[in-house]
There are 2 protein chains.
Amino acid sequence: MTKASNTRHTILEKAFDLIYKKSYQTTSIDEIIATTKVTKGAFYYHFKTKDEMGIAIINEIIKPTMQDTFILPLQNTSNPIEKIYQMTKFLLLENPFLKLEYGCPTGNLTQEMTPWNIEFSKVLKELVIEWQTTIEISLQKGIESQKVNNKVNPKQVAYFIMSSYWGIRNFGKIYNNTDCYHAYLKELKLYLNNLH
Amino acid sequence: MTKASNTRHTILEKAFDLIYKKSYQTTSIDEIIATTKVTKGAFYYHFKTKDEMGIAIINEIIKPTMQDTFILPLQNTSNPIEKIYQMTKFLLLENPFLKLEYGCPTGNLTQEMTPWNIEFSKVLKELVIEWQTTIEISLQKGIESQKVNNKVNPKQVAYFIMSSYWGIRNFGKIYNNTDCYHAYLKELKLYLNNLH
DNA sequence: TACAAATCATACTAATTAGTATTTTCTATG
DNA sequence: CATAGAAAATACTAATTAGTATGATTTGTA
């Protein structure tokens with residue numbers, strides 16, 4: 001990693017932290033360069049606009065992380081129902097990257113930037129579709145291997161699971177307490193067990 | 001309604017529209033007074049700060065509307081399971097007040113203002129708790145009248161339903177298409193039927 | 001009708017915003 | 001080691017922001 005590409009990456013990481021905590025709109029470039037200790041000249045050498053940086057955060061920070069935590073685990077399992085539960089539990093209670101009071105980075109950005117920034121919507125939609133497709137495929141495979149009841153509709157279930165996840169993260173924010181996560185997880189388990 | 005209180009209410013309604021569409025942070029007071037055709041002097045006569053207006057919108061616009069569409073229907077039903085489905089379907093597909101591409105007003109504000117504005121968090125939390133309590137009580141009544149299986153845990157189910165609703169509104173935003181609502185509703189029906 | 005209080009209008013301010021213009025300092029390569 | 005281009009530093013701009021100061025109108029009521 002050259003010094004320059006290191007500067008770029010530092011900006012993206014620190015900016016992500018700020019945006020995850022404070023939202024995109026309320027995070028100013030002056031704030032980003034203050035916390036990264038990078039000058040405005042350096043910032044604008046690497047990113048033509050604030051939005052270009054925002055898109056880069058999604059593609060270069062959020063996307064790879066999501067690949068590891070949302071996509072790969074589901075691709076390497078023969079038991080999607082159990083894996084979905086484990087994944088969700090990990091994401092809500094154990095993942096050090098995600099914080100109760102700040103919600104879900106992708107969910108936050110989706111709510112904030114859609115529909116008013118087409119570019120953001122586009123890359124976020126790609127992310128979401130990849131997640132959704134992965135869930136659907138894993139359930140379809142589960143049906144084929146008779147781990148999942150063949151009456152299950154993978155698309156519907158995918159929407160239901162993803163929605164409830166995004167939603168409960170919003171509840172976590174407002175209650176600022178993991179109790180709601182625990183209650184949610186119990187009900188999620190009951191729901192998932194009915195898919196067997 | 002006096003002329004003054006009419007001015008106040010106009011500001012709140014128009015500001016709500018803008019904030020629902022564009023978010024709170026990106027809606028400026030100049031924009032609000034431009035669309036309401038009210039002067040800055042009038043605005044600041046009625047509201048000491050922008051945040052005071054924001055809180056007023058929640059208490060005087062969102063709360064009463066929510067009372068009518070989220071609370072009362074559930075209080076006047078003997079069959080909560082069926083009513084929850086009907087309500088959700090109405091909210092997603094028929095309510096003229098809510099728009100696919102703009103999501104859920106309360107969900108948007110929660111995501112945007114929590115945890116960074118304590119005052120907003122407080123009133124939003126009150127709103128959410130009222131909704132949650134209503135669902136729980138209606139399910140409890142349903143258990144007592146044997147419309148709902150007595151193994152059902154009202155608190156857990158309430159979280160699950162509310163979460164999935166907030167979440168699917170986020171999906172509606174990003175897909176900008178009601179297909180996801182229809183798929184979600186089908187799965188919601190299956191889930192709810194298992195509570196009988 | 002008079003007049004005090006309520007309501008609204010106008011013109012401002014100081015801070016913050018994203019972005020630019022220009023110069024300086026590195027860094028890789030001949 | 002010389003030098004061209006990459007990378008970064010500095011100082012600015014124009015627009016927008018929430019909020020204020022002050023003056024002009026309405027409005028209800030004695």
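Computed from a predicted structure; not experimentally measured. Each chain gets a letter, A, B and so on, in the order its sequence line appears, and its residues count up from 1.
Nucleotide dT20(D) holds its P atom 10 Å from the CD1 atom of Ile29(B), rounded to whole Å. Regarding Lys37(A), its NZ atom lies at a distance of 17 Å from the P atom of dA8(D), rounded to whole Å. For the pair Asn117(B) CG and dA18(D) C1', the computed distance is 15 Å after rounding to whole Å. As rounded to whole Å, 14 Å separates atom C1' of dT16(D) from atom CD of Gln25(A). Taking atom CD1 of residue Ile33(B) and atom P of nucleotide dT10(C), one finds them 11 Å apart after rounding to whole Å. One atom, CZ of Arg8(B), and another, P of dC8(C), lie 12 Å apart when rounded to the nearest Å. One atom, CG of Asp30(A), and another, C1' of dT16(D), lie 14 Å apart when rounded to the nearest Å. Taking atom OH of Tyr45(B) as the reference point, atom P of dT25(D) lies 18 Å away to the nearest angstrom.
For Lys40(B) against dG19(D), a side-chain-to-base donor-acceptor contact under 3.5 Å is present.
The closest donor-acceptor contact from the side chain of Asn6(B) to the backbone of Thr2(B) lies at 3.5 Å or more, if one exists at all. Not one N or O on the side chain of Thr178(A) forms a donor-acceptor pair closer than 3.5 Å with the backbone of Tyr181(A).
Within the model, atoms NE2 of His182(B) and CD of Glu187(B) stand 15.5 Å from one another, a figure rounded to the nearest 0.5 Å.
Seen from the ring of Tyr24(A), Lys50(A) counts as a face-on cation partner, given the 6.0 Å and 45° thresholds.
Contact annotation: His46(A) side-chain N/O to dA8(D) OP1/OP2 distance is under 4.0 Å. Remark: Thr7(B) is not in phosphate contact with dT7(C), judged by side-chain N or O atoms under 4.0 Å from OP1 or OP2. In this model, the phosphate group of dT27(C) is not approached by any side-chain N or O of Thr2(A) to a distance below 4.0 Å at OP1 or OP2.
If you check every strand for non-hydrogen atoms under 4.0 Å, Thr26(B) touches nothing. Here Thr39(A) lies in heavy-atom contact (under 4.0 Å) with a base.
Here the rule is side-chain contact (heavy atoms from CB on, under 4.5 Å) with Leu12(B), and of Ile58(B), Thr7(B), Ile61(B) only Ile61(B) fits it.
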